[in-house]
Amino acid sequence: LNDLYGKHHDKNGLEVVGIYTPVDDKGIPEQELSEVRQLIASNKIKFPILLDKGLKYYRDYGVIALPTIVMVSTSGEIQFVYPSFPQSAPPVISNQVTALIGGKKVETQTKKVETKKSDFQKEGLYLYSLQMFKKGLLEQAFSSLEKTIALNPENPWSHNLMGIILWKRGMTTRARAQFEKAIALDKDNIVPHLNSTILLFDQGKYDEAEKILLNAPIVHDEFKIRSHWMLGLIYKDSDKIDQSLKELELAFSLLEVMTFKDKETESYSFRIPILRDLAELHSRKGNDKKAIELLNQAVYVALGHDGAWEVTPLNQRKGIMLYE
């Protein structure tokens, strides 16, 4: 956009205006303004940047993904809307700018361009849903996902995310149907298998949960850890103590190997709960010494994570479903 502005602003009258969307619609704190100024300076942005206080223009233009490019003709009519900015965007944007300023547009096949625009709209809607979900705005995520699925019912990730949202809202039957749809669309995707297992585990349907996990396609180490951990929990709640110990110890050993290979993979969300669950099992078997040893280990892990244990309840299972 900088290049296009520099090339066509003085020569052809092209105007480029960046609109910054604030984090909160209530106001923009000075720290956020400072970050915006730094971004403008570090990227040497030549065109003006406006602040959309209250998210007025964000809503008026029906933005579904950030960034979104809106192109307006000299008569004030919207000619082109481009949600998100994938790698294929620059030539398409350049073509549209050339056409808007009266130049000869580079030849493209209209049908292909329209198809790309449709694909970008679908992708943008899904990404918007995902962002709303991450921010805890389930109603907005749900509404956007309904539109996403209507546009593209063949995307397993949309159904998977819809399943998580429905589950969090207590609609377990509908949630399970969404996970099953995601599995049917992509049988090799372990994520909806795991999420379906967690849902069934939460309902106390241990036999069904175990069956799904034992038949799930598991390749990546992180998913193996989650799978053995969930099997351990299923067996623990089914009073199959020895089987549960075997699965949880296997999950922890896989985590140790993964951590040894790459320190950044060391995950609080895995280590502390697994250690806690192992300690509980050893205590139930009467081995309190081993249980205390494992709990002490969990404490040391927690202390190394700068107080993270204070904000994430150890008994909380709701956060372990996967959406990416």
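Starting from 1, each residue takes its place in the sequence as its number. Excluded from the calculations below are hydrogen atoms, water molecules and symmetry mates; all remaining heavy atoms, backbone and side chain alike, are included.
- Shown here are the side chain to side chain contact (heavy atoms under 4.5 Å, CB included) partners of E293, two or more places apart in sequence or in another chain: K290.
- Between Y5 and F47, the ring planes lie perpendicular to each other; the angle is over 60°, past the 30° to 60° tilted range.
- For residues 41-55, no residue pair satisfies the salt bridge (Lys or Arg N to Asp or Glu O under 4.0 Å) rule, not counting sequence neighbours.
- With rounding to the nearest 0.5 angstrom, the CG atom of L295 is 10.0 Å from the CG atom of L278.
- The shortest heavy-atom contact between A251 and I225 is CB-O, 3.7 Å.
- A distance of 10.0 Å separates CD in Q203 from CH2 in W167, rounded to the nearest 0.5 Å.
- The two residues S244 and G232 make their nearest non-hydrogen contact at OG-O, 2.6 Å.
- Shown here are the salt bridge (charged side-chain N to carboxylate O under 4.0 Å, His left out) partners of D3, two or more places apart in sequence or in another chain: there are none.
- Listed by chain and residue number, K285 satisfy the salt bridge (charged side-chain N to carboxylate O under 4.0 Å, His left out) test with D242 (two or more places apart in sequence, or in another chain).
- When all heavy atoms are compared, the tightest approach of P192 to F179 is CB-O, 3.9 Å.
- The heavy-atom pair separating I45 from I49 by the smallest distance is CG2-CD1, 4.1 Å.
- Judged as a side chain to side chain contact (heavy atoms under 4.5 Å, CB included), and not counting sequence neighbours, the contacts of R169 are E139, F142, I165, M171.
- Within the structure, every pair that satisfies the side-chain hydrogen bond (donor to acceptor under 3.5 Å, both in side chains) test and touches residues 13-24, not counting sequence neighbours, is listed here: Y20-E32.
- Partners of E35 by side chain to side chain contact (heavy atoms under 4.5 Å, CB included), not counting sequence neighbours, listed by chain and number: Q31.
- Here salt bridge (Lys or Arg N to Asp or Glu O under 4.0 Å) pairs that include residues 140-161, with residues two or more places apart or in two chains, number zero.
- Taking the salt bridge (charged side-chain N to carboxylate O under 4.0 Å, His left out) definition, one finds that K211 meets it with nothing, sequence neighbours left out.
- Here salt bridge (Lys or Arg N to Asp or Glu O under 4.0 Å) pairs that include residues 178-190, with residues two or more places apart or in two chains, are R176-E180.
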Report task. In sequence, state the C-alpha distance, the side-chain angles, and the governing distance for W229 and L255, and then conclude on side-chain contact (heavy atoms from CB on, under 4.5 Å). Result -> CA-CA 11 Å; W229 180 22; L255 179 60; over 6 Å; no

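- Residues passing the salt bridge (charged side-chain N to carboxylate O under 4.0 Å, His left out) test with E30 are R37, sequence neighbours excluded.
- Here L250 pairs with H228, S253, L254 under the side chain to side chain contact (heavy atoms under 4.5 Å, CB included) rule; sequence neighbours left out.
- Side-chain contact between L4 and V16 is absent, with no heavy-atom pair separated by less than 4.5 Å.
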